[in-house]
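Everything on this sheet refers to the single structure shown next.
Only a predicted model underlies this, so the values are computations on that prediction, with no experimental measurement involved.
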Number of protein chains: 2
Amino acid sequence: MISVVLIGAGNVASHLYNAFFNAETVVVKQWYNRTFEAVKSFQNDTEVIDDISELKEADVYILAVSDDAIVNVSKSFPFDNRFVVHTSGSVGLHDLDKRQKRGVFYPLQSFSKDATMDFVNVPICIETEDKSNLQLLKDLAEAIGSKHYKISTEQRQTLHLSAVFVNNFTNQLYRIAHEISDAKSINFDILKPLILETAKKVQDMSPFKAQTGPAKRNDKKTLKRHLKLIEKEEHRDIYELLTKSIQKTHGTSKSSVTKNHFRIKNKS
Amino acid sequence: MISVVLIGAGNVASHLYNAFFNAETVVVKQWYNRTFEAVKSFQNDTEVIDDISELKEADVYILAVSDDAIVNVSKSFPFDNRFVVHTSGSVGLHDLDKRQKRGVFYPLQSFSKDATMDFVNVPICIETEDKSNLQLLKDLAEAIGSKHYKISTEQRQTLHLSAVFVNNFTNQLYRIAHEISDAKSINFDILKPLILETAKKVQDMSPFKAQTGPAKRNDKKTLKRHLKLIEKEEHRDIYELLTKSIQKTHGTSKSSVTKNHFRIKNKS
């Protein structure tokens with residue numbers, strides 16, 4: 001049995017609490033939050049506290065608080081030399097107070113407040129200062145059904161950056177498509193199956209192989225028509241930049257330049 | 001029973017053939033392709049031909065050929081005044097030969113060559129010159145399990161543009177994340193559940209509501225760190241442009257400008 005003390009009551013903390021609560025080999029010994037209100041409703045299931053001096057002994061202390069709070073909360077622990085991990089994608093391992101044995105337990109997923117998340121779909125990136133603590137984090141991940149990956153701080157920060165591309169930026173492309181189709185009274189529902197299929201495709205195929213469309217084909221007629229159709233300059237800039245990016249990745253524009261160059265050379 | 005003649009043997013044509021073949025209320029009377037080889041293996045199931053003069057009478061002729069071929073193939077039909085539809089997202093209804101009754105049957109989805117596609121996940125955008133032919137296209141869509149939407153040529157071309165954003169451009173963001181994480185020897189598998197969750201989220205929630213992350217929060221520390229982490233200028237340009245776009249959508253940068261302005265005004 002792994003005993004856990006959970007610190008914080010935000011989105012990630014709440015999802016972790018649920019997962020730990022339902023795991024057979026994990027017990028949440030205490031749940032701390034600086035305001036009692038947020039955790040109060042769980043007091044029948046676990047010990048909830050808002051006084052950090054009351055923290056009891058546990059195998060691991062999981063700091064699921066905002067990035068900015070990690071340094072200070074970890075400094076405020078009333079004990080030394082215990083195993084403390086944070087759950088952030090961007091904060092370094094060494095930002096945790098050095099009095100403790102330090103680690104990271106970063107669930108790479110986008111959590112919604114309301115919907116419950118099956119942790120089978122949540123990869124956990126783990127890192128520990130001391131090798132001997134690695135197994136505990138592996139066991140903890142497995143206990144909630146998650147895959148785990150040993151990841152360095154630099155790799156984790158790069159993953160966090162990559163996540164911005166596949167999550168925030170992708171979502172903004174959905175938003176732009178929503179705006180563009182709304183402007184012509186088109187039901188956004190029509191695009192939803194394509195959105196899902198595009199994400200499904202790269203589960204078994206590299207994004208490189210999965211690419212299609214006018215940019216990759218360098219279909220100038222369609223590219224021109226699309227640019228004419230776009231009404232907002234801001235959307236046009238994004239269309240042009242991502243088209244250029246696709247063509248660079250697939251050597252489309254380069255190869256047409258090369259062809260022209262070859263033709264000119266032959267003429268002379 | 002709806003009788004169909006299918007023209008073309010590319011990706012869309014093949015998927016439509018399978019769907020029609022399995023539909024109880026549709027019969028594929030003939031399958032034409034200019035080269036016999038591509039359709040030969042289906043000759044036990046339907047009549048396959050490579051001579052356009054042999055086209056028989058049917059309720060609808062479905063032109064699933066490349067955009068550039070639509071005009072010429074539709075001109076080459078050895079009959080007048082029959083119901084002919086194309087399947088393209090970008091070609092106008094009036095690009096079909098005016099001797100025929102014209103329509104469009106555009107499946108908005110990304111078809112893979114190998115994987116079979118359940119047409120429940122393929123919305124069909126339909127358009128007809130003559131109102132009286134609309135019901136036939138609705139019935140045809142329903143016969144293969146698809147939802148159908150009545151869409152004008154302008155709307156369809158806008159949908160095609162929107163599809164580039166949610167499919168090609170989104171896929172390029174996946175590709176960039178793949179490049180960025182590969183450069184640090186990170187397993188791309190770690191990002192796949194997030195990719196899927198991001199697409200799932202907007203099935204029930206608007207992309208506007210689904211947005212999260214450092215750009216929306218205007219978390220300058222993280223934005224700065226990310227820009228420093230990015231090694232390729234091309235990726236940095238995309239990061240900056242999409243961050244700006246998110247902040248414009250959510251009024252993040254605007255509101256901080258307004259706040260400063262307010263403060264200055266109060267001082268003076």
Side-chain angles (χ1 to χ4, degrees), chain A residues 90 108-110 121-123 149 154-155 157-159 161-178 180-181 184 186-187 190-199 202-203 206-208 210-215 222 225-226 229 234 237-238 241-242 245-246 248-249, chain B residues 90 108-110 121-123 149 154-155 157-159 161-178 180-181 184 186-187 190-199 202-203 206-208 210-215 222 225-226 229 234 237-238 241-242 245-246 248-249:
Chain A
S90 46
L108 192 128
Q109 188 46 285
S110 161
N121 302 318
V122 184
Y149 299 86
E154 194 199 8
Q155 285 177 318
Q157 287 171 343
T158 300
L159 264 172
L161 166 65
S162 303
V164 166
F165 277 86
V166 304
N167 180 359
N168 306 150
F169 291 169
T170 287
N171 188 72
Q172 181 64 6
L173 294 182
Y174 301 161
R175 162 68 191 181
I176 291 169
H178 197 174
I180 290 174
S181 42
K184 303 281 181 215
I186 299 162
N187 188 341
I190 305 177
L191 288 161
K192 289 179 179 175
L194 179 61
I195 285 173
L196 210 50
E197 187 63 25
T198 304
V202 296
Q203 304 296 311
S206 75
F208 183 85
Q211 192 58 280
T212 59
T222 304
R225 187 162 16 82
H226 280 174
L229 260 175
E234 172 212 345
D237 290 346
I238 292 171
L241 192 59
L242 285 169
S245 176
I246 291 173
K248 205 176 168 192
T249 296
Chain B
S90 46
L108 192 128
Q109 188 46 282
S110 162
N121 302 318
V122 184
Y149 299 87
E154 193 200 8
Q155 284 177 320
Q157 288 171 343
T158 300
L159 264 172
L161 166 65
S162 302
V164 166
F165 276 87
V166 304
N167 179 0
N168 306 151
F169 291 169
T170 287
N171 188 73
Q172 181 64 6
L173 295 183
Y174 300 161
R175 162 68 191 182
I176 292 169
H178 196 173
I180 290 174
S181 43
K184 303 281 183 217
I186 298 162
N187 189 342
I190 305 177
L191 289 161
K192 288 178 179 175
L194 179 61
I195 285 173
L196 210 51
E197 188 63 26
T198 304
V202 294
Q203 303 295 311
S206 74
F208 182 86
Q211 192 58 279
T212 60
T222 303
R225 186 161 18 80
H226 281 174
L229 260 176
E234 172 212 344
D237 290 346
I238 292 170
L241 191 58
L242 285 169
S245 175
I246 292 171
K248 205 175 169 193
T249 296

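- Heavy-atom pairs under 4.5 Å with chain A were tallied for S90(B), S245(B), P214(B); the largest tally goes to S245(B).
- Taking CG of L242(A) as the start and CG of L242(B) as the end, the distance is 6.0 Å to the nearest 0.5 Å.
- Interface residue Q157(B): backbone and side-chain heavy atoms are both found under 4.5 Å from chain A.
- In terms of heavy-atom pairs under 4.5 Å with chain B, the best-connected choice from L159(A), V202(A), I190(A) is I190(A).
- Looking only at heavy-atom pairs under 4.5 Å with chain B, the residue among N187(A), D237(A), L229(A), I186(A) that has the most is I186(A).
- Note on A215(A), S206(A), S110(A): by heavy-atom pairs under 4.5 Å with chain B, the leading option is S110(A).
- Across N171(A), V164(A), N168(A), a single residue satisfies side chain to side chain contact (heavy atoms under 4.5 Å, CB included) together with T212(B), and that is N168(A).
- Within the 4.5 angstrom heavy-atom criterion, only side-chain atoms of I176(B), from C-beta onward, approach chain A.
- By number of non-hydrogen pairs under 4.5 angstrom with chain B, the leading residue of T222(A), T249(A), L108(A) is T249(A).
- If you tally non-hydrogen atom pairs under 4.5 Å between each of K184(B), R175(B), Q203(B), Q155(B) and chain A, the highest count goes to Q203(B).
- Only the side chain of E234(B) comes within less than 4.5 Å of a heavy atom of chain A; its backbone N, CA, C and O stay farther away.
- With hydrogens and angles disregarded, no donor-acceptor distance shorter than 3.5 Å links the side chain of E197(B) to the backbone of Q109(A).
- Of the residues considered (G213(A), S162(A), A163(A)), S162(A) shows the highest number of contacts with chain B, using heavy-atom pairs under 4.5 Å.
- Across all their heavy atoms, P193(B) and P123(A) have their closest contact at CG-CG, 3.7 Å.
- Contacts of Y174(B) with chain A are made by both backbone and side-chain atoms, with heavy-atom separations under 4.5 Å.
- In terms of heavy-atom pairs under 4.5 Å with chain A, the best-connected choice from I238(B), I180(B), N121(B), N167(B) is N167(B).
- Heavy-atom distances place the side chain of H178(B), and not its backbone, under 4.5 Å from chain A.
- In plain terms, the two heavy atoms of S181(A) and T158(B) that are nearest each other are CA-CG2, 4.3 Å.
- Here K192(B) pairs with D189(B) under the salt bridge (charged side-chain N to carboxylate O under 4.0 Å, His left out) rule; sequence neighbours left out.
- Every residue two or more places apart in sequence or in another chain that forms a ring-ring contact (aromatic ring centres under 6.0 Å, His included) with F169(B) is listed here: Y239(A), F165(B).
- Taking L191(B), V166(B), L241(B), L161(B) one by one and counting their heavy-atom pairs under 4.5 Å with chain A, the maximum is reached by L161(B).
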